Amino acid sequence: MTAEDVHAPVLRRIDPAELLVVLPALNEQDSVGRVVREVRAAQPEATVLVVDDGSTDATAERAASAGALVMRLPFNLGVGGAMRAGYRYGHDRGFAAVVQVDADGQHDAAEIEQLLAVPDADVVIGSRFAGRGEYAVRGPRRWAMRLLSRTLSGIVGTAVTDPTSGFRLVHRRAVALFAEHYPEEYLGDTVEALVVAHRAGLTIRQVPVAMRVRSCGRASTDPVRSAVYLLRVVVAVGLAMVRRAPR
Amino acid sequence: MPDLRLSIISIIVAIAALGLVFELLRRRRLREKYAAIWIVIAVGTVVVAVFPQILQGVADLVGIRTPSNLLFFGSLIVLFAVSLQLSREVGLLEEQSRRLAEEVGTLTMRVDALEKPPDD
């Protein structure tokens, strides 16, 4: 990383036609159509790409009929792999920015505007815990997320209250980086990606967003699973710290 | 001196291992880069089976009282190295197949767009 890169002026105010919205989706046939329509209503000029991560249901068909581009991966790669494919597409087609939105409908497409409004950032995280909305987690999972948030904020030098948020905006320079080096391991796509971006001299910011209740599925509260989660968090952060930065 | 029967069994096993490696190589089922290490191990086993004194000598040299313990220690190190190497290769292959999957996804999308009849 070079000092000039850190302070280089970051291009603001993206042309909405240069925005790519990527929705990684695995068996989300019940929500994907609605989410695609919401995104298109909120950002009518943006390109919407659904990366179908090996779904066995009608996710791809419903996404396509809702008006999204659909990239079907031949087998399941996980969110990290799906997003890297999305970033690669965005990079190859010269998009100025890529927004990741979950296909399960927990993110409000209208909030993309909030992410776009943040100046001078390469990566903007839509944070669930930074003040707005009433998203809450309790017990060991909460401790794990606290620990993760503290450690990560320390590493990247800016407040990251919701490092595992899958709602983020990535500008051109970070798109180029992520197209090549997007970690695909568990938690890697959210946590390690931030460390990779920081090490490459990119600026990370967060903005509070309101989160909806998940339309299907619930976050786990089982103590054993929370403990495993905590362990994986520690491993993910530890690995991100000691791994060589991508050349 | 070890029992003659034991020597015979070790020699048979070692030669069988060498033969297996050679046969796999001959049938192009084993890549040359992996074959080298297995040939070295198989030949080494034959040598040690035929001349157990070598094992005894080396054990005395490094201060291991029971020669078989040297054998176990050596085997452990070799198996560790080989399985670590294989883990590394599997990781590499996984990364390559992931890249290919991403490329296939992108290319399929482009081909579909090209083949779709124009709307207007």
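Note that the coordinates shown come from a computational prediction; the quantities given were computed from them, not determined experimentally. Any value given below was found using the heavy atoms of this structure, including those in side chains, with hydrogens, waters and symmetry copies removed. So you know, we letter chains A, B, ... as the sequences are listed, proteins then strands, and number each from 1.
To the nearest 0.5 Å, the span separating CG on A:Leu69 from CZ on B:Arg110 amounts to 12.5 Å. Residue B:Glu102 holds its CD atom at 11.0 Å from CE of A:Met83, rounded to the nearest 0.5 Å.
Between B:Ala101 and A:Phe75 the shortest heavy-atom distance is CB-CZ, 3.7 Å. The shortest non-hydrogen separation linking A:Leu73 to B:Gly105 is CD2-CA, 4.3 Å.
Of the possible donor and acceptor atoms, none in the side chain of A:Arg72 sits under 3.5 Å from a partner among the backbone N and O of B:Thr108.
Looking at A:Val70, the atoms closer than 4.5 Å to chain B (heavy atoms on both sides) all sit in the backbone: N, CA, C or O.
Within 6.0 Å of atom CZ in B:Arg99, more than 12 heavy atoms from other residues, nucleotides or ligands are found, so the atom counts as buried in its surroundings. Heavy atoms from other residues, nucleotides or ligands lying under 6.0 Å from CG of B:Leu86 number more than 12.
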